[in-house]
Amino acid sequence: MLVLGIDAGGTSSRAALYTVDGEPVGRGRAAGGNPVTLGPEQAAAHLTAAVLEAVPHPLNSQVEAVVVGLAGNAGAGRSLAERVLRPLLPEATPIRVVGDVVTAFAAGTPSPSGAVLISGTGAIAAKIIDHVAVATADGYGWLLGDEGSAFWLGRAATSATVRALAAHRPRPAPATPTAGGVTAGDGLLAELVLRRLLPGGAGADPSAQVAAAVYARPPLALAELAPLVSQAAESGDPTAQALVAEAASRLARTAAQVSDPGLPIVLAGGVLTAEGPVREAVQGLLEGAVTAGDPAGAAAWLAARPSLGPRESEARHPRFTR
C-alpha cells in the first residue's frame, strides 16, 4: 500500500510517496501551489509537476490514500486537489485536504492535539484538536499582522537602517568606508541591509536610496532580509539582537493565544525551523516546544494513519517526518 502526502505552499510544492510502513518511495518538488496567491492555473501546473516527479507512472495505481496540506481557502484547495489528482490516481483513491497548519503540526509530533506556531514569510498559530484546526491567532497578512515573521523582521531591519542612516546625516567621509558607504557606527545590521539593497554602493543620501529600493520591489520581498537580522545578532549587533528578542516575544504571545498547558507546541516555517537566534529565543519562551520536520512526509503519515493502529501510527511517525 502506498500513501501520498503533499505540502502545497506559497513558494514551493512538495510531494512525498511512502509505503504505509514509512519507507520512502518517491519525492517531487516544484514551485508554489497556493491557488489563492498564484491563481488556479499556475498552482495546478506546479502541483502536477511535483506529483508526477514523486509518483512514477507504474506506481500511481498503487496509491490508496492522499492528504494535501494547503494554505488559504479550503474550497479552492479541494477544487485544486481534485483537478490535479483525479486524472493521475485511481478513481476510488480518497483525497483529503487539510490546512497547512495541520500538516505543520503533524510534522513535529504524533500527538493528535496541541498547537503549532508558524513563522515563515508570514506568521500564524493554530490550536489543533484531533488533527483539525479549531482556532487560529494572527495570520492576518503583512498589512495587519504576521508579527515575528520573516517579513516583520525584514521590515524592522530596514526601518532601523533608515533611521540609523538619517541620524548620522550629514556625515564626514569615513577613513575606511565599508561596502555601500556605511561606517562601523551605523552597526553591522545596517551595513548588511545596505549591501543587500544597494549593491552598487550608496550616494550622498543613503536613507532615501534605501527607501526607494524598498518601494521598487514587492512588499513581501522584505522577507528576504530576515536572515540578515540573525546574522547580525549572532555577531553581537545590539539592534539586531533587540529585533530578535522582540520577534520572539511577539511569536510567543501569538502561540499563547491557542496553546494549552501539557499539550505539545510545534515550531514550523522557515524562521523557526532554521537554526539561529530567533528559534533559540522562541524556544526559551515556549518551554518544551519541538521543531517540525518534513510537512509533505507528515501529510503522507496522516494518509497512512487510518490503516494503522494508534501504537503503530506513533511508532512510525519519525520515519515519515525525518
Side-chain angles (χ1 to χ4, degrees), residues 1-35 43-71 77-112 116 131 266 268-270 273 290-322:
M1 174 180 177
L2 299 180
V3 292
L4 178 64
I6 299 171
D7 174 55
T11 57
S12 67
S13 300
R14 288 172 286 185
L17 184 67
Y18 280 82
T19 69
V20 73
D21 293 323
E23 294 299 323
V25 177
R27 282 195 170 272
R29 184 165 186 163
N34 188 332
H46 295 165
L47 201 57
T48 300
V51 171
L52 288 175
E53 184 179 352
V55 187
H57 181 70
L59 296 179
N60 60 350
S61 62
Q62 300 177 40
V63 177
E64 297 190 26
V66 182
V67 167
V68 182
L70 194 144
R78 282 191 293 271
S79 176
L80 174 67
E82 291 286 334
R83 174 181 176 181
V84 169
L85 295 172
R86 284 302 171 205
L88 303 178
L89 301 176
E91 185 176 351
T93 302
I95 300 170
R96 180 185 171 200
V97 178
V98 300
D100 62 340
V101 294
V102 174
T103 50
F105 175 75
T109 176
S111 173
V116 60
H131 290 120
V266 174
T273 56
V290 297
T291 304
D294 175 31
W301 177 74
L302 289 171
R305 284 185 75 248
S307 301
L308 303 171
R311 289 185 178 179
E312 286 182 304
S313 177
E314 182 172 352
R316 295 177 187 179
H317 179 266
R319 300 183 185 180
F320 287 90
T321 58
R322 58 179 174 229

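Only a predicted model underlies this, so the values are computations on that prediction, with no experimental measurement involved.
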Check Glu314 against Pro110 and note the closest heavy-atom contact, atom names and distance.
CG-CG, 3.8 Å
Counting N and O atoms only, with roles assigned by atom type, does the side chain of Arg322 sit under 3.5 Å from a partner on the main chain of Gly293, one being a donor and the other an acceptor?
no
Hey, what do you get for NE2 (His46) to OG (Ser12), rounding to the nearest 0.5 Å?
11.0 Å
Quick one, Arg86 and Ile95 - any side-chain contact, counting heavy atoms below 4.5 Å?
yes
Give the minimum heavy-atom separation between Ser313 and Trp301, together with the two atoms involved.
O-NE1, 2.9 Å
Is a donor on one side and an acceptor on the other found under 3.5 Å between the side chain of His317 and the backbone of Ser111?
no
Once rounded to the nearest 0.5 Å, what's the spacing between atom OG1 of Thr19 and atom CE of Met1?
10.0 Å
Might you confirm whether atom CZ of Arg29 has over 12 heavy atoms from other residues, nucleotides or ligands at distances under 6.0 Å?
no
Which heavy atom in Ala299 sits nearest to a heavy atom in Val67, and how many Å separate them?
O-CB, 3.3 Å
Main-chain N/O of Gly33 paired to Ser13 side chain as donor or acceptor, under 3.5 Å
yes
Would you find more than 12 non-hydrogen atoms of other residues, nucleotides or ligands less than 6.0 Å from Gln62 atom CD?
yes
Could you walk me through whether Glu82 and Val97 satisfy the side-chain contact (heavy atoms from CB on, under 4.5 Å) test, starting with their C-alpha distance in whole Å, then the side-chain angles of each, then the deciding distance to 0.1 Å, before giving a yes or no?
CA-CA 10 Å; Glu82 291 286 334; Val97 178; over 6 Å; no
Mind checking the CD-CZ spacing from Glu23 to Arg319? Nearest 0.5 Å is all I need.
6.0 Å
Kindly assign one of parallel, tilted or perpendicular to the pair Tyr18 and Phe320, based on the angle between their ring planes and the thresholds 30° and 60°.
tilted
Check against side-chain contact (heavy atoms from CB on, under 4.5 Å), Val98 and His131:
CA-CA 9 Å; Val98 300; His131 290 120; over 6 Å; no
Where is the tightest heavy-atom contact between Arg27 and Ala296, given as atom of each residue plus distance?
NH1-CB, 4.4 Å
Which residue, Ile6, Val25, Val3, Val66, forms the side-chain contact (heavy atoms from CB on, under 4.5 Å) with Leu17?
Val25
When Val116 is tested against each of Thr103, Val101, Val102, Thr109 for side-chain contact (heavy atoms from CB on, under 4.5 Å), which residue passes?
Val101
For Leu85 and Val68, what are the C-alpha separation, side-chain angles and deciding distance, and is it a side-chain contact (heavy atoms from CB on, under 4.5 Å)?
CA-CA 10 Å; Leu85 295 172; Val68 182; 4.0 Å; yes
Taken to the nearest 0.5 Å, the spacing of Asn60 CG from Thr93 OG1 works out to 9.0 Å
Any chance you could measure Arg316, atom CZ, to Arg305, atom CZ, to the nearest 0.5 Å?
13.0 Å
Heavy-atom closest contact (Ala292 atom, Val266 atom, distance):
CB-CG1, 3.7 Å
Would you name the heavy atoms of Ala298 and Ala106 that are closest together and state the gap between them?
CB-C, 3.7 Å
Could you give the distance from CG (Asp21) to CG (Leu2), rounded to the nearest 0.5 Å?
10.5 Å
